[in-house]
Amino acid sequence: MTELLTAQPARHPNPTVKATSLAYLVFERPDLNRAEHFLADFGLAVAQRRDETLYLRGAGCAPYCHRVHRAAKARFVGMGFTVASRADLEQLAALPGAGAIERVTHPGGGERVVLTDPSGFTVEVIHGQTSVDELPHRGPLRFNSVGASVRINGTQRPAPEPPEVIRLGHCVIEVADYQATSAWYTQHLGLIPSDVQVLPDGSPAVTFFRLDLGDTPADHHTLAMAQGFMPTYSHSAFEVVDADAVGMGQRVLREKGWKHAWGIGRHIFGSQIFDYWNDPWGAKHEHYCDGDLFTADRPTGVHPVSRDAMAQWGQPMPASFTKPKLTPSAIVALIRNLRRSPDLSVSKLITLAKLFG
């Protein structure tokens with residue numbers, strides 16, 4: 001029987017607040033035009049463009065879900081979560097190191113508190129953001145199935161164009177300080193571990209965290225966290241209407257000359273049908289549909305980690321999907337974190353390298 005032998009991940013009995021959604025991601029890029037080109041081909045729409053900042057949205061009611069700032073070097077900055085009330089912002093603003101409540105100048109407005117998690121990612125928590133009208137988009141295709149023929153004298157002909165992204169679904173990060181970072185998100189944002197994949201030593205390799213929305217179903221994971229040797233972005237995922245949209249996304253992005261990362265397949269944890277693509281700076285972006293939804297009372301699942309647990313079917317996960325970029329700065333971070341982090345050891349890194357390349 002697989003057993004988790006560390007304190008984290010675990011639900012917090014009395015979190016500071018309970019986040020209500022993952023609102024957006026924040027990136028820095030040296031070329032806003034190239035960023036816009038990829039993200040438009042991926043299926044996002046430009047919500048607003050300023051001299052130094054690009055905002056993109058899905059077809060849903062969020063004012064934006066992807067923010068790109070112009071900067072000399074490409075990097076992932078962090079993410080934004082929503083909360084239910086200004087009182088929640090006040091609770092967060094009282095935390096050590098938190099910023100004061102401030103008005104938001106980005107699309108949708110509202111107020112925010114800016115925090116930094118133990119791994120150094122920026123976490124903006126917002127309240128009072130104004131929603132926008134949904135963009136027109138096609139509905140899910142109707143399927144003829146055994147015993148249920150719903151389409152007679154009709155055909156399936158989705159348009160050969162970028163799939164309409166509906167919304168941001170989740171973000172996946174790698175961290176060195178796993179226990180502290182996991183505890184921070186469960187304690188301060190109320191995230192719940194849905195499933196955890198455990199290494200042979202009983203420590204977590206990957207945890208899938210969902211929002212605590214009580215009896216309202218929430219995505220299987222809004223944030224996933226993998227044990228790594230340094231803090232880094234792994235990927236983000238955006239929901240489309242159905243599997244044909246995932247497939248059409250692959251066709252369009254391939255024809256446009258973008259670099260494929262992995263897919264199509266169906267995940268095990270979350271069950272999504274998926275397809276991953278690299279942006280011009282190698283950041284992975286996922287199209288997905290048909291994900292699992294859990295209520296807050298579902299207990300955490302604990303499972304052994306393996307490459308085979310990444311997908312039920314489809315293209316085997318390529319080694320390039322998880323292989324780290326060993327730049328000089330990454331090597332320095334590896335050595336520093338091996339010496340410093342209580343969650344890292346040479347033997348653990350060897351195990352992870354054998355599993356994930």
Side-chain angles (χ1 to χ4, degrees), residues 4-10 12 25-28 73-79 81 95-97 114-124 170-189 191 193 195-209 221-236 269 281-284 302-307 309-310 317 319-357:
L4 178 67
L5 300 178
T6 57
Q8 291 292 327
H12 195 278
L25 305 176
V26 185
F27 292 85
E28 292 179 346
K73 294 183 178 180
R75 75 179 182 108
F76 173 67
V77 177
M79 63 202 94
F81 289 88
L95 295 175
V114 180
L115 306 161
T116 303
D117 76 14
S119 290
F121 295 112
T122 297
V123 177
E124 300 179 2
H170 62 258
C171 181
V172 181
I173 56 176
E174 297 179 22
V175 301
D177 296 326
Y178 202 101
Q179 293 295 299
T181 307
S182 173
W184 190 89
Y185 282 96
T186 57
Q187 178 179 356
H188 297 310
L189 296 182
L191 300 189
D195 286 288
V196 54
Q197 294 177 279
V198 176
L199 291 163
D201 67 358
S203 66
V206 183
T207 303
F208 302 91
F209 295 95
H221 55 283
T222 292
L223 178 70
M225 191 179 303
Q227 178 70 69
F229 63 82
M230 60 181 285
T232 190
Y233 166 91
S234 172
H235 74 264
S236 53
F269 300 110
W281 298 273
K284 295 185 288 291
V302 179
H303 320 269
V305 66
S306 74
R307 288 182 65 85
M310 298 297 106
M317 185 177 69
S320 59
F321 190 81
T322 52
K323 186 175 182 179
K325 297 177 181 178
L326 291 177
T327 62
S329 61
I331 293 171
V332 170
L334 187 157
I335 295 170
R336 180 179 66 247
N337 289 330
L338 268 175
R339 292 171 174 170
R340 181 196 58 79
S341 175
D343 301 325
L344 284 183
S345 66
V346 172
S347 61
K348 180 177 286 190
L349 289 179
I350 291 172
T351 299
L352 289 167
K354 288 178 179 178
L355 285 167
F356 299 113

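These figures come from a predicted structure and were not determined experimentally.
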Pairwise ring-ring contact (aromatic ring centres under 6.0 Å, His included) hits with a residue in residues 319-355, at least two apart: Trp262-Phe321, Tyr276-Phe321

Criterion side-chain contact (heavy atoms from CB on, under 4.5 Å) on Val114 and Thr122, from CA distance to verdict: CA-CA 7 Å; Val114 180; Thr122 297; 3.8 Å; yes

Test ring pair (Phe, Tyr, Trp, His ring centres under 6.0 Å) applied to Trp281 - qualifying residues, sequence neighbours left out: none

Atom pair SG/CZ of Cys171 and Phe121 - distance to nearest 0.5 Å: 8.0 Å

For Arg336, all residues meeting side-chain hydrogen bond (donor to acceptor under 3.5 Å, both in side chains), sequence neighbours excluded: none

Side chain proximity check, Tyr178 to Gln8, heavy atoms < 4.5 angstrom: no

Verdict with reasoning, Met310 to Phe356, per side-chain contact (heavy atoms from CB on, under 4.5 Å): CA-CA 10 Å; Met310 298 297 106; Phe356 299 113; 4.2 Å; yes

Closest contact, heavy atoms only, Ala7 versus Ala10: O-CB, 3.5 Å

Qualifying residues under side-chain hydrogen bond (donor to acceptor under 3.5 Å, both in side chains), relative to Glu28, sequence neighbours excluded: Arg75

Partners meeting side chain to side chain contact (heavy atoms under 4.5 Å, CB included) with Leu338 (sequence neighbours left out): Leu334, Leu344, Val346, Leu349

Residue pair Ser341 / Ala176: nearest heavy atoms and the distance that separates them: OG-O, 3.3 Å

Taking every non-hydrogen atom, the tightest pair across Ile331 and Leu326: CD1-O, 3.9 Å

Within-4.5 Å side-chain heavy-atom neighbours: Phe229 and Leu352: no

Qualifying salt bridge (charged side-chain N to carboxylate O under 4.0 Å, His left out) pairs, either residue in residues 221-231, two or more places apart: none

Rounded distance [0.5 Å steps], CD in Glu124 versus OG1 in Thr116: 10.0 Å

Side chain to side chain contact (heavy atoms under 4.5 Å, CB included) partners for Thr327, two or more places apart: Lys325, Ser329, Ala330

Set of residues satisfying side chain to side chain contact (heavy atoms under 4.5 Å, CB included) with respect to Ala226, sequence neighbours excluded: Glu174, Val206

Worked check of side-chain contact (heavy atoms from CB on, under 4.5 Å) between His188 and Leu95: CA-CA 9 Å; His188 297 310; Leu95 295 175; 3.6 Å; yes

Any Leu115 side-chain heavy atom under 4.5 Å of Phe81 side chain: no

From CA spacing to verdict: side-chain contact (heavy atoms from CB on, under 4.5 Å), Ser119, Trp184: CA-CA 10 Å; Ser119 290; Trp184 190 89; over 6 Å; no

Residue list, salt bridge (charged side-chain N to carboxylate O under 4.0 Å, His left out) with Asp177, at least two apart or on another chain: Arg340

Nearest heavy-atom neighbours spanning Ala309 and Gln197: CB-NE2, 3.4 Å

For Phe208, all residues meeting ring pair (Phe, Tyr, Trp, His ring centres under 6.0 Å), sequence neighbours excluded: His220, His221, Phe269

Those residues that, when tested against Ser345, pass side-chain hydrogen bond (donor to acceptor under 3.5 Å, both in side chains) (two or more places apart): Ser347

Side-chain touch Ser182/Phe209, heavy atoms, less than 4.5 angstrom: yes

All side-chain hydrogen bond (donor to acceptor under 3.5 Å, both in side chains) counterparts of Lys348, not counting sequence neighbours: Ser203

Heavy-atom check, side chain of Val175 versus side chain of Asp343, under 4.5 Å: no

Check: Phe76 and Ile173 side chains under 4.5 Å, non-hydrogen atoms: yes

Smallest separation among heavy atoms of Ala319 and Arg307, with atom names: N-NH2, 4.1 Å

Note, Val305 side chain near Thr351 side chain (heavy atom, < 4.5 Å): no

Donor-acceptor contact present, side-chain Tyr233 to main-chain Lys284, <3.5 Å: yes

Which atom of Thr186 lies closest to which atom of Leu191, heavy atoms considered: CG2-O, 3.3 Å

